[in-house]
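Here the structure comes first, spelled out in C-alpha coordinates, and everything after it is commentary.
All heavy atoms count here, side chains included; hydrogens, waters and symmetry mates do not. Every chain is numbered from 1, with letters handed out A, B, ... down the list of sequences.
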Number of protein chains: 2
Amino acid sequence: MYVNIDAYAYICNYPLPLPWGPFLMQKTDINAWIELHRSSQKLISIVETELKNADLPPLAWYDILLEIKKAGKDGIRPFELQNRVLITQYNLSRMTDRLVRAGYAKRIPCLEDKRGHSLITTRKGINLLDRMWPIYETVIDQHFSSKLAEADKARLSGILKRI
Amino acid sequence: MYVNIDAYAYICNYPLPLPWGPFLMQKTDINAWIELHRSSQKLISIVETELKNADLPPLAWYDILLEIKKAGKDGIRPFELQNRVLITQYNLSRMTDRLVRAGYAKRIPCLEDKRGHSLITTRKGINLLDRMWPIYETVIDQHFSSKLAEADKARLSGILKRI
DNA sequence: CATATATACATGCATTTGCATTTAAATATA
DNA sequence: TATATTTAAATGCAAATGCATGTATATATG
(Lines give C-alpha, C1' and ligand atoms only; values in the text may rest on other atoms or scores of the structure.)
Protein backbone atom coordinates (compact mmCIF):
# COMPACT_ATOMS: atom_id res chain seq x y z
CA MET A 1 0.00 0.00 0.00
CA TYR A 2 2.77 2.40 0.81
CA VAL A 3 5.75 3.12 -1.33
CA ASN A 4 8.74 4.27 0.53
CA ILE A 5 10.10 7.66 -0.35
CA ASP A 6 13.56 6.23 -0.68
CA ALA A 7 12.88 2.75 -1.96
CA TYR A 8 15.32 3.28 -4.77
CA ALA A 9 18.20 3.49 -2.35
CA TYR A 10 17.95 -0.23 -1.86
CA ILE A 11 18.53 -0.73 -5.51
CA CYS A 12 21.34 1.74 -5.49
CA ASN A 13 23.23 -0.45 -3.07
CA TYR A 14 23.63 -2.92 -5.85
CA PRO A 15 25.54 -2.60 -9.13
CA LEU A 16 23.55 -1.89 -12.25
CA PRO A 17 22.45 -3.87 -14.16
CA LEU A 18 20.99 -5.76 -11.25
CA PRO A 19 22.42 -9.22 -10.67
CA TRP A 20 19.09 -10.97 -10.18
CA GLY A 21 16.74 -9.81 -12.85
CA PRO A 22 16.56 -9.44 -16.58
CA PHE A 23 15.61 -5.78 -16.19
CA LEU A 24 17.78 -2.76 -16.39
CA MET A 25 16.18 -0.55 -13.84
CA GLN A 26 17.32 3.04 -14.10
CA LYS A 27 17.11 5.79 -11.59
CA THR A 28 14.68 7.57 -13.89
CA ASP A 29 12.27 4.66 -13.56
CA ILE A 30 12.54 4.49 -9.82
CA ASN A 31 12.20 8.21 -9.35
CA ALA A 32 9.07 8.29 -11.47
CA TRP A 33 7.65 5.25 -9.68
CA ILE A 34 8.29 6.76 -6.30
CA GLU A 35 7.00 10.20 -7.15
CA LEU A 36 3.83 8.73 -8.60
CA HIS A 37 2.96 6.86 -5.44
CA ARG A 38 4.28 9.40 -3.00
CA SER A 39 2.29 12.23 -4.52
CA SER A 40 -0.88 10.17 -4.88
CA GLN A 41 -0.77 8.97 -1.30
CA LYS A 42 0.07 12.35 0.08
CA LEU A 43 -2.84 13.97 -1.74
CA ILE A 44 -5.32 11.31 -0.75
CA SER A 45 -4.30 11.51 2.84
CA ILE A 46 -4.87 15.27 2.81
CA VAL A 47 -8.34 14.75 1.38
CA GLU A 48 -9.16 12.16 4.03
CA THR A 49 -7.92 14.43 6.78
CA GLU A 50 -9.95 17.38 5.53
CA LEU A 51 -13.08 15.26 5.20
CA LYS A 52 -12.61 13.97 8.70
CA ASN A 53 -12.08 17.49 10.01
CA ALA A 54 -15.39 18.44 8.44
CA ASP A 55 -17.08 15.43 10.07
CA LEU A 56 -17.72 13.84 6.74
CA PRO A 57 -17.33 10.20 5.66
CA PRO A 58 -14.23 8.92 3.85
CA LEU A 59 -13.52 9.56 0.19
CA ALA A 60 -14.54 6.01 -0.72
CA TRP A 61 -18.12 6.86 0.20
CA TYR A 62 -18.02 9.84 -2.12
CA ASP A 63 -16.76 7.78 -5.01
CA ILE A 64 -19.28 5.02 -4.62
CA LEU A 65 -22.17 7.31 -3.97
CA LEU A 66 -21.21 9.37 -7.00
CA GLU A 67 -21.18 6.29 -9.16
CA ILE A 68 -24.60 5.32 -7.87
CA LYS A 69 -25.90 8.80 -8.50
CA LYS A 70 -24.54 8.78 -12.04
CA ALA A 71 -26.52 5.64 -12.76
CA GLY A 72 -29.69 7.67 -12.39
CA LYS A 73 -33.04 6.46 -11.19
CA ASP A 74 -32.66 2.94 -12.55
CA GLY A 75 -29.75 2.45 -10.21
CA ILE A 76 -26.69 0.30 -10.67
CA ARG A 77 -25.96 -3.32 -9.84
CA PRO A 78 -23.17 -3.90 -7.31
CA PHE A 79 -21.22 -6.02 -9.80
CA GLU A 80 -21.25 -3.16 -12.29
CA LEU A 81 -20.21 -0.72 -9.62
CA GLN A 82 -17.31 -2.99 -8.89
CA ASN A 83 -15.96 -2.59 -12.40
CA ARG A 84 -15.83 1.14 -11.92
CA VAL A 85 -14.12 1.37 -8.55
CA LEU A 86 -11.04 -0.46 -7.37
CA ILE A 87 -12.66 -2.33 -4.51
CA THR A 88 -13.04 -6.02 -3.82
CA GLN A 89 -16.47 -7.61 -4.05
CA TYR A 90 -16.80 -8.31 -0.35
CA ASN A 91 -15.68 -4.87 0.64
CA LEU A 92 -18.04 -3.22 -1.81
CA SER A 93 -20.84 -5.34 -0.43
CA ARG A 94 -20.18 -4.11 3.06
CA MET A 95 -19.51 -0.54 2.03
CA THR A 96 -22.84 -0.24 0.23
CA ASP A 97 -24.37 -1.89 3.24
CA ARG A 98 -23.07 0.95 5.38
CA LEU A 99 -24.25 3.53 2.86
CA VAL A 100 -27.70 1.98 2.94
CA ARG A 101 -27.80 1.76 6.72
CA ALA A 102 -26.72 5.40 6.94
CA GLY A 103 -29.58 6.34 4.64
CA TYR A 104 -27.43 7.59 1.76
CA ALA A 105 -28.42 4.86 -0.67
CA LYS A 106 -31.25 2.43 -1.17
CA ARG A 107 -31.47 -1.09 -2.55
CA ILE A 108 -34.22 -1.81 -5.02
CA PRO A 109 -35.10 -5.35 -6.13
CA CYS A 110 -33.92 -6.44 -9.53
CA LEU A 111 -36.67 -7.94 -11.62
CA GLU A 112 -34.46 -9.47 -14.30
CA ASP A 113 -32.12 -11.15 -11.84
CA LYS A 114 -33.43 -12.20 -8.49
CA ARG A 115 -29.93 -12.88 -7.16
CA GLY A 116 -29.15 -9.23 -7.08
CA HIS A 117 -30.47 -5.75 -6.62
CA SER A 118 -29.85 -2.24 -7.81
CA LEU A 119 -28.57 0.68 -5.81
CA ILE A 120 -29.93 4.19 -6.02
CA THR A 121 -29.09 7.33 -4.12
CA THR A 122 -31.44 8.98 -1.68
CA ARG A 123 -31.99 12.70 -1.28
CA LYS A 124 -29.78 12.47 1.77
CA GLY A 125 -27.12 10.79 -0.35
CA ILE A 126 -27.15 13.55 -2.96
CA ASN A 127 -26.93 16.05 -0.19
CA LEU A 128 -23.90 14.25 1.20
CA LEU A 129 -22.17 14.47 -2.17
CA ASP A 130 -22.92 18.17 -2.27
CA ARG A 131 -21.42 18.64 1.16
CA MET A 132 -18.36 16.53 0.45
CA TRP A 133 -17.44 18.00 -2.89
CA PRO A 134 -16.48 21.49 -1.73
CA ILE A 135 -13.99 19.96 0.72
CA TYR A 136 -12.66 17.62 -1.91
CA GLU A 137 -12.46 20.35 -4.50
CA THR A 138 -10.60 22.69 -2.21
CA VAL A 139 -7.91 20.11 -1.61
CA ILE A 140 -7.60 19.30 -5.30
CA ASP A 141 -7.27 22.95 -6.11
CA GLN A 142 -4.92 24.00 -3.36
CA HIS A 143 -2.65 20.99 -3.28
CA PHE A 144 -2.75 19.88 -6.89
CA SER A 145 -4.22 22.16 -9.54
CA SER A 146 -2.60 25.32 -8.31
CA LYS A 147 0.81 23.69 -8.03
CA LEU A 148 1.04 22.52 -11.61
CA ALA A 149 1.06 24.35 -14.92
CA GLU A 150 -1.87 23.68 -17.22
CA ALA A 151 0.42 22.06 -19.77
CA ASP A 152 1.87 19.78 -17.10
CA LYS A 153 -1.54 18.59 -16.04
CA ALA A 154 -2.35 17.69 -19.62
CA ARG A 155 0.99 15.92 -19.96
CA LEU A 156 0.42 14.08 -16.72
CA SER A 157 -2.85 12.48 -17.71
CA GLY A 158 -1.53 11.84 -21.20
CA ILE A 159 1.41 9.91 -19.81
CA LEU A 160 -0.47 8.05 -17.11
CA LYS A 161 -3.29 6.90 -19.34
CA ARG A 162 -0.84 4.39 -20.78
CA ILE A 163 -0.58 2.60 -17.44
CA MET B 1 -8.20 5.92 -0.33
CA TYR B 2 -9.89 5.24 -3.56
CA VAL B 3 -10.53 7.74 -6.27
CA ASN B 4 -13.29 6.88 -8.62
CA ILE B 5 -12.35 6.53 -12.23
CA ASP B 6 -15.17 8.82 -13.21
CA ALA B 7 -15.29 11.23 -10.32
CA TYR B 8 -15.17 14.15 -12.69
CA ALA B 9 -18.56 13.26 -14.07
CA TYR B 10 -20.10 14.59 -10.94
CA ILE B 11 -18.58 17.93 -11.58
CA CYS B 12 -19.64 17.81 -15.19
CA ASN B 13 -23.23 17.72 -14.13
CA TYR B 14 -22.80 21.28 -12.99
CA PRO B 15 -22.05 24.40 -15.00
CA LEU B 16 -18.52 25.70 -15.00
CA PRO B 17 -17.38 27.76 -13.18
CA LEU B 18 -18.79 25.82 -10.29
CA PRO B 19 -21.48 27.59 -8.34
CA TRP B 20 -20.22 26.78 -4.87
CA GLY B 21 -16.52 27.36 -4.76
CA PRO B 22 -14.00 30.03 -5.59
CA PHE B 23 -12.16 27.61 -7.85
CA LEU B 24 -12.42 27.18 -11.53
CA MET B 25 -11.96 23.49 -11.88
CA GLN B 26 -11.22 22.41 -15.42
CA LYS B 27 -11.48 19.03 -17.00
CA THR B 28 -7.70 19.03 -17.40
CA ASP B 29 -7.33 19.22 -13.64
CA ILE B 30 -9.79 16.47 -12.97
CA ASN B 31 -8.37 14.18 -15.62
CA ALA B 32 -4.88 14.59 -14.22
CA TRP B 33 -6.13 14.06 -10.67
CA ILE B 34 -7.98 10.92 -11.61
CA GLU B 35 -5.21 9.44 -13.72
CA LEU B 36 -2.71 10.05 -10.97
CA HIS B 37 -4.68 8.11 -8.40
CA ARG B 38 -6.05 5.48 -10.72
CA SER B 39 -2.64 4.56 -12.06
CA SER B 40 -0.99 4.59 -8.65
CA GLN B 41 -3.66 2.39 -7.11
CA LYS B 42 -3.72 0.01 -10.01
CA LEU B 43 0.05 -0.47 -9.90
CA ILE B 44 0.17 -0.94 -6.16
CA SER B 45 -2.57 -3.48 -6.24
CA ILE B 46 -0.67 -5.46 -8.87
CA VAL B 47 2.42 -5.43 -6.68
CA GLU B 48 0.42 -6.60 -3.67
CA THR B 49 -1.17 -9.37 -5.67
CA GLU B 50 2.15 -10.59 -7.01
CA LEU B 51 3.74 -10.52 -3.57
CA LYS B 52 0.84 -12.49 -2.19
CA ASN B 53 1.09 -15.00 -5.01
CA ALA B 54 4.73 -15.48 -4.08
CA ASP B 55 3.80 -16.01 -0.43
CA LEU B 56 5.55 -12.84 0.58
CA PRO B 57 4.47 -10.11 3.02
CA PRO B 58 2.84 -6.87 1.85
CA LEU B 59 4.73 -4.02 0.25
CA ALA B 60 4.59 -2.01 3.46
CA TRP B 61 6.90 -4.52 5.08
CA TYR B 62 9.38 -4.07 2.26
CA ASP B 63 9.36 -0.31 2.60
CA ILE B 64 9.84 -0.28 6.32
CA LEU B 65 12.40 -3.01 6.35
CA LEU B 66 14.30 -1.23 3.60
CA GLU B 67 14.34 1.96 5.60
CA ILE B 68 15.61 0.07 8.62
CA LYS B 69 18.28 -1.59 6.54
CA LYS B 70 19.39 1.73 5.09
CA ALA B 71 19.97 3.05 8.59
CA GLY B 72 22.80 0.56 8.94
CA LYS B 73 24.01 -1.09 12.10
CA ASP B 74 23.15 1.80 14.39
CA GLY B 75 19.53 1.34 13.47
CA ILE B 76 16.76 3.88 13.28
CA ARG B 77 14.34 5.27 15.82
CA PRO B 78 10.64 4.64 15.10
CA PHE B 79 9.91 8.37 15.12
CA GLU B 80 12.53 8.92 12.43
CA LEU B 81 11.17 6.04 10.43
CA GLN B 82 7.79 7.67 10.62
CA ASN B 83 9.08 10.76 8.86
CA ARG B 84 10.18 8.65 5.95
CA VAL B 85 7.10 6.54 5.39
CA LEU B 86 3.49 7.65 5.20
CA ILE B 87 2.22 5.66 8.16
CA THR B 88 0.63 6.76 11.39
CA GLN B 89 2.55 6.39 14.63
CA TYR B 90 0.33 3.70 16.07
CA ASN B 91 0.33 1.67 12.90
CA LEU B 92 4.06 1.92 12.56
CA SER B 93 4.39 0.78 16.15
CA ARG B 94 2.36 -2.32 15.43
CA MET B 95 3.91 -2.96 12.05
CA THR B 96 7.44 -2.94 13.45
CA ASP B 97 6.11 -5.14 16.21
CA ARG B 98 5.06 -7.68 13.62
CA LEU B 99 8.39 -7.39 11.82
CA VAL B 100 10.18 -8.04 15.09
CA ARG B 101 7.95 -10.95 16.03
CA ALA B 102 8.48 -12.45 12.58
CA GLY B 103 12.23 -12.18 13.09
CA TYR B 104 12.87 -9.68 10.31
CA ALA B 105 13.92 -6.83 12.58
CA LYS B 106 15.27 -6.37 16.07
CA ARG B 107 14.84 -3.68 18.70
CA ILE B 108 17.94 -2.42 20.44
CA PRO B 109 17.80 -0.20 23.52
CA CYS B 110 18.53 3.46 23.05
CA LEU B 111 21.10 4.76 25.49
CA GLU B 112 20.52 8.47 24.87
CA ASP B 113 16.75 8.25 25.27
CA LYS B 114 15.24 5.63 27.49
CA ARG B 115 11.75 6.27 26.14
CA GLY B 116 12.63 4.71 22.84
CA HIS B 117 14.68 2.16 21.01
CA SER B 118 16.32 1.65 17.66
CA LEU B 119 15.39 -0.84 14.99
CA ILE B 120 17.88 -2.89 13.01
CA THR B 121 17.39 -5.58 10.40
CA THR B 122 18.30 -9.19 10.96
CA ARG B 123 19.92 -11.49 8.44
CA LYS B 124 16.48 -12.93 7.89
CA GLY B 125 15.16 -9.43 7.22
CA ILE B 126 17.79 -8.69 4.59
CA ASN B 127 17.01 -12.00 3.02
CA LEU B 128 13.34 -11.08 2.88
CA LEU B 129 14.17 -7.85 1.07
CA ASP B 130 16.23 -9.82 -1.41
CA ARG B 131 13.35 -12.18 -2.02
CA MET B 132 10.75 -9.44 -2.32
CA TRP B 133 12.63 -7.15 -4.63
CA PRO B 134 12.65 -9.38 -7.74
CA ILE B 135 8.86 -9.59 -7.55
CA TYR B 136 8.55 -5.89 -6.98
CA GLU B 137 11.00 -5.08 -9.73
CA THR B 138 9.26 -7.27 -12.25
CA VAL B 139 5.98 -5.46 -11.69
CA ILE B 140 7.62 -2.05 -11.93
CA ASP B 141 9.29 -3.03 -15.15
CA GLN B 142 6.43 -4.79 -16.85
CA HIS B 143 3.60 -2.53 -15.81
CA PHE B 144 5.34 0.80 -15.53
CA SER B 145 8.84 1.23 -16.95
CA SER B 146 8.21 -0.60 -20.16
CA LYS B 147 4.99 1.28 -20.84
CA LEU B 148 6.48 4.75 -20.71
CA ALA B 149 9.12 6.50 -22.76
CA GLU B 150 12.27 7.49 -20.93
CA ALA B 151 11.53 11.16 -21.47
CA ASP B 152 8.04 10.73 -20.06
CA LYS B 153 9.35 9.12 -16.91
CA ALA B 154 11.68 12.04 -16.40
CA ARG B 155 8.84 14.48 -17.01
CA LEU B 156 6.60 12.58 -14.65
CA SER B 157 8.88 12.82 -11.66
CA GLY B 158 9.74 16.38 -12.54
CA ILE B 159 6.10 17.37 -12.51
CA LEU B 160 5.10 15.38 -9.45
CA LYS B 161 7.97 16.57 -7.30
CA ARG B 162 6.10 19.86 -7.04
CA ILE B 163 3.26 18.18 -5.15
C1' DC C 1 14.66 22.16 42.06
C1' DA C 2 9.70 21.22 41.49
C1' DT C 3 6.13 21.11 38.43
C1' DA C 4 4.12 21.49 33.89
C1' DT C 5 4.37 20.29 29.25
C1' DA C 6 6.00 17.77 25.34
C1' DT C 7 7.74 13.66 23.12
C1' DA C 8 8.39 8.48 22.21
C1' DC C 9 6.06 4.65 21.96
C1' DA C 10 2.38 1.24 23.19
C1' DT C 11 -2.38 -0.44 23.68
C1' DG C 12 -7.64 -1.19 24.47
C1' DC C 13 -11.52 -0.97 21.85
C1' DA C 14 -14.45 -0.33 17.87
C1' DT C 15 -14.46 -0.41 12.94
C1' DT C 16 -12.77 -2.08 8.65
C1' DT C 17 -10.44 -5.29 5.77
C1' DG C 18 -8.89 -9.80 3.75
C1' DC C 19 -9.79 -14.48 2.92
C1' DA C 20 -12.48 -18.32 2.52
C1' DT C 21 -16.81 -19.95 2.14
C1' DT C 22 -21.92 -19.79 1.80
C1' DT C 23 -26.43 -18.97 -0.29
C1' DA C 24 -29.26 -18.41 -4.00
C1' DA C 25 -30.36 -17.76 -8.58
C1' DA C 26 -28.92 -17.99 -13.48
C1' DT C 27 -26.85 -20.41 -17.24
C1' DA C 28 -24.70 -24.32 -19.49
C1' DT C 29 -24.53 -29.23 -20.46
C1' DA C 30 -25.78 -33.92 -20.93
C1' DT D 1 -35.55 -31.89 -17.98
C1' DA D 2 -32.12 -33.02 -14.45
C1' DT D 3 -27.61 -31.92 -13.03
C1' DA D 4 -23.41 -29.31 -13.10
C1' DT D 5 -21.27 -24.96 -13.44
C1' DT D 6 -21.10 -20.12 -13.16
C1' DT D 7 -22.34 -15.70 -11.29
C1' DA D 8 -24.27 -12.19 -7.76
C1' DA D 9 -23.99 -11.03 -3.37
C1' DA D 10 -23.38 -11.84 1.64
C1' DT D 11 -20.94 -13.42 5.83
C1' DG D 12 -17.97 -15.73 9.71
C1' DC D 13 -13.68 -15.22 11.37
C1' DA D 14 -8.97 -13.56 11.79
C1' DA D 15 -5.98 -9.74 11.00
C1' DA D 16 -5.21 -4.88 10.38
C1' DT D 17 -6.54 -0.10 11.13
C1' DG D 18 -8.21 4.28 13.32
C1' DC D 19 -8.92 6.72 17.42
C1' DA D 20 -8.33 7.87 21.89
C1' DT D 21 -5.68 7.29 25.65
C1' DG D 22 -1.91 5.42 28.64
C1' DT D 23 2.93 5.02 30.30
C1' DA D 24 7.39 6.51 30.68
C1' DT D 25 10.97 9.64 29.91
C1' DA D 26 12.71 14.06 28.40
C1' DT D 27 12.58 19.03 28.27
C1' DA D 28 10.89 23.59 29.51
C1' DT D 29 9.41 26.96 32.93
C1' DG D 30 8.58 29.26 37.25
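- The number of heavy-atom neighbours closer than 6.0 Å to NZ of A:Lys114, taken from other residues, nucleotides and ligands shown, is 12 or below.
- A:Ile87 places its CD1 atom 15 Å from the P atom of C:dC19, with the value rounded to the nearest Å.
- Here A:Asn91 does not reach the OP1 or OP2 of C:dT16: none of its side-chain N or O atoms lies under 4.0 Å away.
- Closest approach of A:Ile68 and A:Thr121 over heavy atoms only: CG2-N, 3.5 Å.
- Relative orientation of the A:Tyr62 and A:Tyr136 rings is perpendicular, given thresholds of 30° and 60° on the angle between their planes.
- When the C1' atom of C:dT7 is taken as reference, atom NE2 of B:His117 falls 14 Å away, rounded to whole Å.
- Here D:dA10 presents its C1' atom at 15 Å from CE of A:Met95, a figure rounded to the nearest Å.
- Whole-Å rounding puts the A:Ile108 CD1 to D:dA9 P distance at 12 Å.
- Under the 3.5 Å distance criterion, the side-chain polar atoms of A:Arg38 are matched with a main-chain donor or acceptor of B:Leu160.
- Contact annotation: side chain of A:Gln89 to base of D:dA10, donor-acceptor pair present below 3.5 Å.
- When the side-chain nitrogen and oxygen atoms of B:Tyr90 are compared with OP1 and OP2 of D:dC19, one or more of them lie within a distance under 4.0 Å.
- Atom NZ of A:Lys124 sits in a crowded spot, with more than 12 heavy atoms from other residues, nucleotides or ligands closer than 6.0 Å.
- The CG-C1' distance, from A:Leu59 to C:dT16, rounds to 16 Å in whole Å.
- Atom C1' of nucleotide C:dG18 and atom CG of A:Leu86 are separated by 16 Å, given to the nearest angstrom.
- Ranked by how close their nearest DNA chain D nucleotide is to the 5' end, A:Glu80 and B:Trp61 are led by A:Glu80.
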Legend entry - Heavy-atom protein contacts under 4.0 Å, nucleotides 2-7 of chain D, coded B base, S sugar-phosphate only, - none: -----B

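- OP1 or OP2 of D:dT17 has at least one side-chain nitrogen or oxygen of B:Arg98 nearer than 4.0 Å.
- Proximity of A:Arg107 to the phosphate of D:dA8: no side-chain N or O atom is located under 4.0 Å from OP1 or OP2.
- Taking atom CD1 of B:Ile76 as the reference point, atom P of C:dC9 lies 10 Å away to the nearest angstrom.
- The residue among A:Thr88 and B:Asp113 whose nearest nucleotide of DNA chain C lies closer to the 5′ end is B:Asp113.
- Residue B:Lys52 places no side-chain N or O under 4.0 Å from the OP1 or OP2 atom of C:dG18.
- Taking the six-membered ring for Trp and thresholds of 30 and 60 degrees, B:Trp33 and A:Phe144 have ring planes more than 60 degrees apart, a perpendicular arrangement.
- B:Ser157 and A:Asn31 form no side-chain donor-acceptor contact under 3.5 Å, judged by distance and modelled atom types alone.
- If you check every strand for non-hydrogen atoms under 4.0 Å, B:Arg94 touches a base.
- A donor-acceptor distance shorter than 3.5 angstrom exists from the side chain of A:Ser146 to the backbone of A:Asp141, with no hydrogens or angles considered.
- One atom, CD of A:Glu48, and another, P of D:dT17, lie 15 Å apart when rounded to the nearest Å.
- Nearest-nucleotide assignment on DNA chain D puts the 5′-proximal partner with A:Pro78, out of B:Leu111 and A:Pro78.
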